[in-house]
Amino acid sequence: MYQVYIADDNTDFAEYLAAVAQREGWSSEICFNGIDLLERLPKSTGPALLLVDINMPEMDGIEAIEGIVDQDRPLRVRFMTGGGEPSLIAAKMIAKARNLMVGRNIYKPISKDSLTMLLRDEAAVLAAL
């Protein structure tokens with residue numbers, strides 16, 4: 001079973017992502033900001049996928065990158081937004097500069113079919129880690 005952490009302050013959207021992931025056989029954790037994400041990551045081991053919203057209160061996705069880098073486990077990151085692209089580009093560049101494994105960006109809303117394909121692709125990548 002693969003693990004996905006969903007960091008998004010939009011509860012309805014996070015629950016939608018978690019429900020689709022669980023139907024695809026993933027274990028999911030919903031985090032409501034970057035602080036919550038960084039507190040939960042060390043509680044498990046093994047490879048995981050992080051779906052991280054760029055715009056969240058308290059600690060956003062860009063601010064969370066430094067804490068993600070410090071984790072002692074294989075992690076894949078996909079940044080999400082319902083807004084503009086500049087923040088996504090910045091997040092991806094910063095994460096790659098810190099040697100994080102970063103996948104393509106996610107634009108909200110994402111269809112169930114697209115999310116299912118994304119999860120299947122990520123499962124294959126995590127299996128190779």
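It should be emphasised that the depicted structure is a prediction, and the values quoted were computed from it without experimental measurement. FYI, side chains are in, hydrogens and waters are out, and symmetry mates aren't considered; it's all heavy atoms of this structure.
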Test item: [X] and [Y] side chains (from C-beta on) under 4.5 Å apart, heavy atoms:
{"X": "Tyr107", "Y": "Glu85", "answer": "yes"}
{"X": "Leu50", "Y": "Phe79", "answer": "no"}
{"X": "Met56", "Y": "Asn10", "answer": "no"}
{"X": "Trp26", "Y": "Leu126", "answer": "yes"}
{"X": "Pro47", "Y": "Gln3", "answer": "no"}
{"X": "Asp53", "Y": "Ile6", "answer": "no"}
{"X": "Leu75", "Y": "Arg73", "answer": "yes"}
{"X": "Val20", "Y": "Thr116", "answer": "yes"}

Could you state whether [X] and [Y] fall into the same hydrophobic cluster, counting links through intermediate Ile, Leu, Val, Met, Phe, Trp or Tyr residues with side-chain heavy atoms under 4.5 angstrom apart?
{"X": "Met80", "Y": "Ile35", "result": "no"}
{"X": "Met117", "Y": "Ile110", "result": "no"}
{"X": "Met101", "Y": "Ile65", "result": "no"}
{"X": "Tyr5", "Y": "Met59", "result": "yes"}
{"X": "Leu37", "Y": "Tyr16", "result": "no"}

Taking salt bridge (charged side-chain N to carboxylate O under 4.0 Å, His left out) as the test, write out the residues that go with Lys112, two or more places apart.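 Salt bridge (charged side-chain N to carboxylate O under 4.0 Å, His left out) list for Lys112, sorted by chain: empty.
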Can you name the salt bridge (charged side-chain N to carboxylate O under 4.0 Å, His left out) partners of Glu122, sequence neighbours left out?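 Result, salt bridge (charged side-chain N to carboxylate O under 4.0 Å, His left out) vs Glu122: Arg76, Arg78.
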How close do [X] and [Y] get, heavy atom to heavy atom, and via which atoms?
{"X": "Ala91", "Y": "Ile62", "result": "CB-CG1, 3.7 Å"}
{"X": "Cys31", "Y": "Asp36", "result": "CA-OD2, 3.2 Å"}
{"X": "Leu38", "Y": "Ile68", "result": "CD2-N, 3.6 Å"}
{"X": "Leu129", "Y": "Pro74", "result": "CD1-CB, 3.8 Å"}
{"X": "Ser28", "Y": "Ala18", "result": "OG-CB, 3.5 Å"}
{"X": "Asp60", "Y": "Ile54", "result": "CB-O, 2.9 Å"}

How far does CD1 of Ile30 sit from CG of Asp9, to the nearest 0.5 angstrom?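 The CG atom of Asp9 is 12.5 Å from CD1 of Ile30, to the nearest 0.5 Å.
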Return the CG to CG distance between Leu119 and Leu17, rounded to the nearest 0.5 Å.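 Nearest 0.5 Å value for the CG-CG distance: 8.5 Å.
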Would you say the side-chain atoms of Gln22 pair up with the backbone N or O of Ala19, donor to acceptor, closer than 3.5 Å?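 Answer holds: no.
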Apply side chain to side chain contact (heavy atoms under 4.5 Å, CB included) to the pair Asn99 and Val69, showing each step before the final yes or no. CA-CA 8 Å; Asn99 294 317; Val69 169; over 6 Å; no
Neighbour count >12 (heavy atoms, 6.0 Å) for atom CZ, Arg40: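 Yes, because the 6.0 Å sphere around CZ of Arg40 holds more than 12 heavy atoms from other groups.
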Can you tell me if CG on Asp70 sees more than 12 non-hydrogen neighbours from other groups inside 6.0 Å?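 Count over threshold, so yes.
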Tell me every residue that passes ring-ring contact (aromatic ring centres under 6.0 Å, His included) with Phe32, counting only those two or more places apart in sequence or in another chain.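 Once residues adjacent in sequence are excluded, Phe32 has no partner under the ring-ring contact (aromatic ring centres under 6.0 Å, His included) criterion.
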Lys96 pairs by side-chain contact (heavy atoms from CB on, under 4.5 Å) with which of Met93, Lys92, Arg98?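 The side-chain contact (heavy atoms from CB on, under 4.5 Å) with Lys96 is passed solely by Lys92 among Met93, Lys92, Arg98.
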